[in-house]
Amino acid sequence: MTKKEQARPGERTIMGFDFGTTSIGIAVGQEITGTATSLGAVKARDGIPNWSEIEAHVHQWQPDLLVVGLPLNMDGTNQQVTFQAKKFANRLHNNYRLPVETHDERLTTADAKARLFEQGGYRNLGKGNVDSMSAVIILESYFESLWQ
């Protein structure tokens, strides 16, 4: 049996993505603890990442599920980047044959900036740091939604 067949709900390793057209933040978390850790960010061109960098993370962490943050307007409606994030989620599924879910990411960037500033001031607010912290927040929010 592979790891994916053995993972039970509540015990899965989940990888989260904060999709952006120039940078994609990545985090990994454990469902059992409800916590996530930043894995950094990969550069993207028009929303297309360096797939070999993403593949290296997937290979290293062997996630059971991938979660992509879904950028929505504050009123819950779609915006152009919403469709690009869904396309990215579909490509993740097709490339790695893993289940992929999307999760509302509204206000994660503001939350990420606040956390990073608290940890290290302005020097901590680089684009890659913000994107990877946003991925952490997306995953933690996803975990919280499972227990509501």
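What you are looking at is a predicted structure, and each value in this text was computed from that prediction instead of being measured.
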[X] side chain near [Y] side chain, heavy-atom distance below 4.5 Å:
X: Ser23; Y: Lys43; result: no
X: Glu101; Y: Val68; result: no
X: Ile14; Y: Pro63; result: no
X: Val136; Y: Met133; result: yes
X: Val100; Y: Arg91; result: no

For a side chain to side chain donor-acceptor pair (under 3.5 Å) with Thr13, tell me which candidate from Glu31, Gln62, Gln30 qualifies.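 That would be Gln30; it is the only one of Glu31, Gln62, Gln30 passing the side chain to side chain donor-acceptor pair (under 3.5 Å) with Thr13.
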So, using side chain to side chain contact (heavy atoms under 4.5 Å, CB included) as the criterion, who are the partners of Asp46 when residues are at least two apart?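 Residues passing side chain to side chain contact (heavy atoms under 4.5 Å, CB included) with Asp46: none at all.
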Could you see if Ile32 belongs to whatever hydrophobic cluster contains Tyr142? Use Ile, Leu, Val, Met, Phe, Trp, Tyr and a side-chain cutoff under 4.5 Å.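 Not linked; separate clusters.
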Should Val67 and Phe83 be regarded as members of a common hydrophobic cluster, given that ILVMFWY residues are connected when their side-chain heavy atoms come within less than 4.5 Å of each other, either directly or indirectly? no
Judged by atom type as modelled, is there a donor-acceptor pair below 3.5 Å linking the side chain of Ser134 to the main-chain atoms of Asp18?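 No; zero donor-acceptor contacts below 3.5 Å.
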Is a side-chain N or O of His93 found less than 3.5 angstrom from the main chain of Leu98, in a donor-acceptor match?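 Confirmed, His93 side chain pairs with Leu98 backbone.
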Please go through Leu72's hydrophobic cluster and name the other residues, only I, L, V, M, F, W, Y counting, with side-chain heavy atoms under 4.5 Å joining them. Leu70
For residues [X] and [Y], report the shortest heavy-atom separation together with the two atoms involved.
X: Ala135; Y: Gly16; value: CB-O, 3.9 Å
X: Leu39; Y: Met15; value: CD1-CE, 4.1 Å
X: Glu53; Y: Val42; value: OE1-CG1, 3.2 Å
X: Pro49; Y: Gly47; value: CD-O, 3.4 Å
X: Ala44; Y: Gly20; value: CB-O, 4.1 Å
X: Ser132; Y: Ala41; value: CB-N, 4.4 Å

Quick one: pull up [atom1] in [X] and [atom2] in [Y] and give me the separation to the nearest 0.5 Å.
X: Asn50; Y: Glu55; atom1: CG; atom2: CD; value: 10.0 Å
X: Trp61; Y: Leu66; atom1: CH2; atom2: CG; value: 14.5 Å
X: Glu140; Y: Ser145; atom1: CD; atom2: OG; value: 12.5 Å
X: Ile24; Y: Leu92; atom1: CD1; atom2: CG; value: 8.0 Å
X: Ile26; Y: Ser38; atom1: CD1; atom2: OG; value: 9.0 Å
X: Asn95; Y: Asn90; atom1: CG; atom2: CG; value: 10.5 Å

In terms of relative ring orientation, are Tyr96 and Trp51 parallel, tilted or perpendicular, with 30° and 60° separating the classes? tilted
What do the steps show when you test Asn78 against Lys86 for side-chain contact (heavy atoms from CB on, under 4.5 Å), and what is the final call? CA-CA 11 Å; Asn78 292 334; Lys86 287 179 179 180; 4.2 Å; yes
When you look at Ile54 and Phe88, which way does the side-chain contact (heavy atoms from CB on, under 4.5 Å) test go after all the steps? CA-CA 12 Å; Ile54 291 177; Phe88 173 71; 4.0 Å; yes
